[in-house]
Amino acid sequence: QVQLVESGGGLVQAGGSLRLSCAASGRTLSTSHLGWFRQAPGKEREFVAAISRDSKFKYYTDSVKDRFTISRDNTKGTLYLQMNSLRPEDTADYFCAAVHAGIAWGTSLQQRPAYGHWGQGTQVTVSS
């Protein structure tokens, strides 16, 4: 079992930066591929980024490429999302998630069904 707790959200002006953190406990973090998703008001939860268990591979949705960076520190049991050049359309609740055990790295990690454990979310608001 994995427990995930996000932090670092808040209110920021357009062009600003935030760093989200996701603290994991329970099953060893290093065994899991991890991801970030976001959900804006009235919209479906969407994929943002994913990182392999050894940090060798990463995926990003096109709208955040070159602005967001996903990283992890397995020794600290923590996942990060560095968000730069924030835009009003980045406003959403951000969720970290751990992939189901046994699912290999691949494009399926850009879809919600690959993930079996979710945090409660942290709110990010970008003002124009």
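Note that the structure is a prediction, hence the values are computed from the model and not measured.
- Annotation: the span from Ser21 atom OG to Arg72 atom CZ amounts to 14.0 Å, rounded to 0.5 Å.
- Here the two rings, on Phe47 and Tyr60, have centers that are 6.0 Å apart or farther.
- Under the 4.5 Å side-chain criterion, counting only non-hydrogen atoms from C-beta, Leu20 is in contact with Thr122.
- Contact check on Asp62 versus Lys65 returns a salt bridge, with a Lys/Arg side-chain nitrogen under 4.0 Å from an Asp/Glu carboxylate oxygen.
- When all heavy atoms of Val124 and Met83 are compared, the closest pair comes out as CG2-CE, 3.9 Å.
- The closest side-chain heavy-atom distance from Ile51 to Leu79 is below 4.5 Å.
- Looking at Ile70 and Tyr59, their side chains never come closer than 4.5 Å, going by heavy atoms from C-beta outward.
- Side chain to side chain, Asn84 and Ser17 meet the donor-acceptor criterion of an N or O pair below 3.5 Å.
- Tracing side-chain contacts under 4.5 Å through hydrophobic residues (I, L, V, M, F, W, Y), one reaches Phe95 starting from Leu109; they form part of the same cluster.
- Look at Asp93 and Arg45 and you find no salt bridge, because none of the NZ, NE, NH1 or NH2 atoms lies under 4.0 Å from a carboxylate O.
- Considering only heavy atoms from C-beta on, Glu6 stays 4.5 Å or farther from Leu4 through its side chain.
- Residues Phe68 and Tyr80 fall into different hydrophobic clusters, defined by Ile, Leu, Val, Met, Phe, Trp and Tyr side chains chained together at heavy-atom separations under 4.5 Å.
- Of all non-hydrogen atoms in Ala92 and Ala40, the two that sit nearest each other are CB-N, 3.7 Å.
- Between the OG atom of Ser7 and the CD atom of Gln120 there is a distance of 13.5 Å, given to the nearest 0.5 Å.
- Under a 3.5 Å cut-off, the side chain of Thr78 and the backbone N or O of Asp73 do not form any donor-acceptor pair.
- Looking only at side-chain heavy atoms (C-beta outward), Trp118 and Arg112 come within less than 4.5 Å of each other.
- By the ring pair (Phe, Tyr, Trp, His ring centres under 6.0 Å) test, Tyr94 is found to be paired with no residue, residues two or more places apart in sequence or in another chain being considered.
- Looking at His117 and Gln3, their side chains never come closer than 4.5 Å, going by heavy atoms from C-beta outward.
- Rounding to the nearest 0.5 angstrom, the gap separating the CD atom in Glu89 from the CZ atom in Arg38 is 8.0 Å.
- More than 12 heavy-atom neighbours from other residues, nucleotides or ligands sit within 6.0 angstrom of NZ on Lys58.
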Ser108 vs Ile103, side chain to side chain contact (heavy atoms under 4.5 Å, CB included): CA-CA, chis, key distance, verdict: CA-CA 9 Å; Ser108 67; Ile103 293 184; 4.1 Å; yes
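- Using a 4.5 Å heavy-atom cutoff, the side chains of Leu34 and Val99 are not in contact.
- A side-chain donor-acceptor contact under 3.5 Å links Ser52 to the backbone of Phe57.
- No cation-pi contact links Arg53 to Trp105, judged by a cut-off of 6.0 Å to the six-membered ring centre and 45° from its axis.
- Two residues are said to be in side-chain contact when any heavy atoms from C-beta on lie closer than 4.5 Å; Phe37 and Glu46 fail this criterion.
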